[in-house]
Amino acid sequence: MRSNDAQILLPTALPSAAVGLVAVAISAVVTGGKGAIGAAVGAALAIAFMGAGLVVLQRTAKSLPHLFQAMGMLLYVTQLLLLFVFLGIFKNTELFHFKAFAFALLACTITWIAAQARAYMKAKILYVEPTPSSAAKPGTSGSPS
């Protein structure tokens, strides 16, 4: 993984994981073991979806920058559709507490987005490739004609 990718992924995943752990603890106290399982599944799903999306977008930006915006829209729509499928499959489940799952998913997603925005503001990633000065090019004297 490139250093720019790590500069964004680590500062976004850690706060989201911390919020997920807090959600698991709160859900365990409020709703018991099934609540803890639901919160853990919600947090893991949010971190997995958002992390995979970030990696896909970073690779798209590097290899196909002209498709970056379209890929971002396609990715977010795909994430939402997969989430709806997951919610539909486990809507009436007895495996975990569904509300704990939903609140943990929401809390981790909001934390991820906020942390990602903060990480991008602090990363100082160049969005324009710097060009060498004209004095470094062969055949130029460095002074305007």
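Here Leu57 contributes atom CG and Gln69 contributes atom CD; the two are 11.0 Å apart, rounded to the nearest 0.5 Å. The structure places CD1 of Ile37 at 8.0 Å from CG of Leu95, a figure rounded to the nearest 0.5 Å. Separating the CD1 atom in Ile47 from the CG atom in Leu54 is a distance of 13.0 Å, to the nearest 0.5 Å. Atom CZ of Phe49 sits about 13.0 Å away from atom CH2 of Trp112, to the nearest 0.5 Å. Between atom CE of residue Met71 and atom CG of residue Leu64 there is a gap of 8.5 Å, rounded to the nearest 0.5 Å. For the atom pair NE2 of His97 and OG of Ser27, the computed distance is 8.5 Å after rounding to the nearest 0.5 Å.
Using bins of under 30°, 30° to 60° and over 60° for the plane-to-plane angle, the ring pair Phe98/Phe96 lands in the parallel bin.
Note on Leu45: it clusters hydrophobically with Phe84, by side-chain heavy-atom contacts below 4.5 Å among ILVMFWY residues. Ile113 and Leu106 fall into different hydrophobic clusters, where Ile, Leu, Val, Met, Phe, Trp and Tyr side chains are chained together by heavy-atom contacts under 4.5 Å. Val30 and Phe101 end up in different hydrophobic clusters when Ile, Leu, Val, Met, Phe, Trp and Tyr side chains are linked at under 4.5 Å. Note on Leu82: it clusters hydrophobically with Leu87, by side-chain heavy-atom contacts below 4.5 Å among ILVMFWY residues. Neither Val24 nor Val29 shares a network with the other; the hydrophobic side chains, linked directly or stepwise wherever heavy atoms of I, L, V, M, F, W or Y lie under 4.5 Å apart, form separate groups for each.
The nearest pair of heavy atoms linking Pro15 to Leu10 is CD-O, 4.3 Å. Pairing each heavy atom of Glu94 with each of Lys34, the nearest pair is O-NZ, 2.6 Å. Across every non-hydrogen atom of Leu9 and Gly51, the tightest pair is CD1-CA, 4.4 Å. Across all non-hydrogen atoms, the minimal contact from Cys108 to Ala46 is CB-CB, 3.7 Å. Residues Ala104 and Ala23 approach most closely at CB-CB, 3.9 Å, considering heavy atoms. Shown here for Gly42 and Leu105, the closest heavy-atom pair between the two residues is O-CD1, 3.4 Å.
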